[in-house]
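Notes follow the structure.
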Amino acid sequence: GAGVSQSPSNKVTEKGKDVELRCDPISGHTALYWYRQSLGQGLEFLIYFQGNSAPDKSGLPSDRFSAERTGGSVSTLTIQRTQQEDSAVYLCASSPSDPEFRPQHFGDGTRLSIL
Amino acid sequence: TQLLEQSPQFLSIQEGENLTVYCNSSSVFSSLQWYRQEPGEGPVLLVTVVTGGEVKKLKRLTFQFGDARKDSSLHITAAQPGDTGLYLCAGPNRDDKIIFGKGTRLHILP
C-alpha cells in the first residue's frame, strides 16, 4: 500500500521567502508528526497532530513556523521569512491509533536549502 | 521530562565484528521502538518491545527490553556494511507523544 508521501523532495529558496511543505499520511492514521533533521543529527520534534485534538506545537522553534492538518489527513508545514538556519531535512511521520504500539511510518523527507 | 539517551553517539567497526548500542532512560516506558535510518531516507521501524525482559531477534539483530522497562539494547552479530546507518530508539511519553533519542550513528567498514 501507499506509504507516507512528502513533497517536494527538494526545495531551494532564497532567504526571506516563505515555503510550504506537504505531507500525505497513510490513510486512516490518526497521528501525524513533523520533525526536523539537520545534517548528521537526530530528529528534532516540531509538531504533533492526534485526531481532532489540539496539536502539540511545543517543538516549533519560532513563530515563523506553523502547521495545519486539514480534514485529519494532509498536513502542510509553513515556514515564513526563511533563514539560513532553517536549512535541514523536514520529515513527516504518521501512525495508527493503537495506543500500545503506534509505530511511526516516515516519508523520505523534504530537503530544504536556504540560500 | 522523559528523555531517551542513546550511546554511543558514534560507532565505527570492522565488518564481521559484534556490537551493542544502548537506549537508556530514568523513566518507565510502556514500549520502546527501534528504527534504522539510511542516508536520504526516513527512519524505518525495526522492532517494538513491550514486555520487561523481552528479547526479539531480527536475523543478526537482537533487541532486549530491560526488566524495569527503562532501557533497551540492540546487539548486532557479525556486522555487515549494510548495517550502516543511524539507529534511533523511541517510545511514548506520559502524554502519549512518541519521543526519540538522538541516535547512534553506526559505520561498518568493509
Side-chain angles (χ1 to χ4, degrees), chain A residues 2-10 21 23-26 29-51 53-60 88-112, chain B residues 1-12 21 23 28-52 54 56 58 63 65 69 72 84-107:
Chain A
V4 176
S5 177
Q6 291 189 245
S7 60
S9 54
N10 287 282
L21 312 180
C23 173
D24 277 277
I26 292 174
H29 280 191
T30 57
L32 188 147
Y33 294 76
W34 282 99
Y35 299 92
R36 180 168 70 177
Q37 187 173 35
S38 300
L39 188 63
Q41 301 299 308
L43 303 180
E44 176 188 2
F45 165 76
L46 296 178
I47 188 168
Y48 164 46
F49 297 89
Q50 174 59 271
S53 303
D56 177 349
K57 304 179 181 179
S58 60
L60 295 178
V89 175
Y90 289 81
L91 289 161
C92 173
S94 70
S95 64
S97 58
D98 185 318
E100 187 170 4
F101 296 101
R102 216 177 292 118
Q104 298 217 323
H105 299 261
F106 283 83
D108 286 336
T110 293
R111 184 174 300 277
L112 177 63
Chain B
T1 303
Q2 289 175 282
L3 294 173
L4 289 168
E5 297 185 359
Q6 292 191 244
S7 60
Q9 188 176 359
F10 300 98
L11 184 59
S12 182
V21 298
C23 173
V28 174
F29 281 82
S30 59
S31 63
L32 282 178
Q33 303 163 353
W34 284 92
Y35 294 79
R36 178 171 64 208
Q37 183 181 25
E38 298 183 24
E41 300 180 3
V44 175
L45 180 70
L46 296 174
V47 77
T48 300
V49 287
V50 180
T51 305
E54 181 178 6
K56 283 192 174 179
L58 187 64
F63 303 84
F65 201 10
R69 291 186 287 130
S72 181
T84 292
L86 177 66
Y87 288 81
L88 296 158
C89 69
N93 69 4
R94 295 186 187 90
D95 299 323
D96 277 344
K97 182 173 80 180
I98 300 296
I99 62 171
F100 279 82
K102 294 188 183 298
T104 292
R105 194 163 295 279
L106 176 63
H107 185 56

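Per chain, numbering begins at 1; letters A, B, ... match sequence-line order. The analysis underlying the following values was restricted to heavy atoms, covering all of them including side chains, and did not include hydrogens, waters or symmetry mates.
Heavy-atom distances place no part of S53(A) under 4.5 Å from chain B, backbone and side chain included. Interface remark: Q37(B) contributes side-chain atoms only to the contact with chain A (heavy atom separation under 4.5 Å).
Residues L86(B) and Q37(A) have side chains in contact (heavy-atom distance under 4.5 Å, counting atoms from C-beta outward).
To the nearest 0.5 Å, atom NZ of residue K97(B) and atom CD1 of residue I47(A) are 10.5 Å apart. In this structure, CZ in F106(A) is found 7.5 Å from CG in L88(B), a value given to the nearest 0.5 Å. Put simply, OH on Y48(A) and CD1 on I99(B) are 12.5 Å apart, with the number rounded to the nearest 0.5 Å. How far CZ of F100(B) is from OH of Y35(A): 4.5 Å, rounded to the nearest 0.5 Å.
Of the listed residues (G109(A), G40(A), G107(A), A93(A)), the one with the most heavy-atom contacts under 4.5 Å to chain B is G40(A). When each of Q9(B), R105(B), E41(B) is scored by its heavy-atom pairs under 4.5 Å with chain A, the top score falls to R105(B).
Taking all atoms of both residues into account, the shortest heavy-atom contact from P43(B) to L43(A) is CG-CD1, 4.3 Å. Shown here for L45(B) and P103(A), the closest heavy-atom pair between the two residues is CD2-CB, 3.3 Å.
Annotation: E5(B), atom CD; neighbour count of heavy atoms from other residues, nucleotides and ligands within 6.0 Å does not exceed 12.
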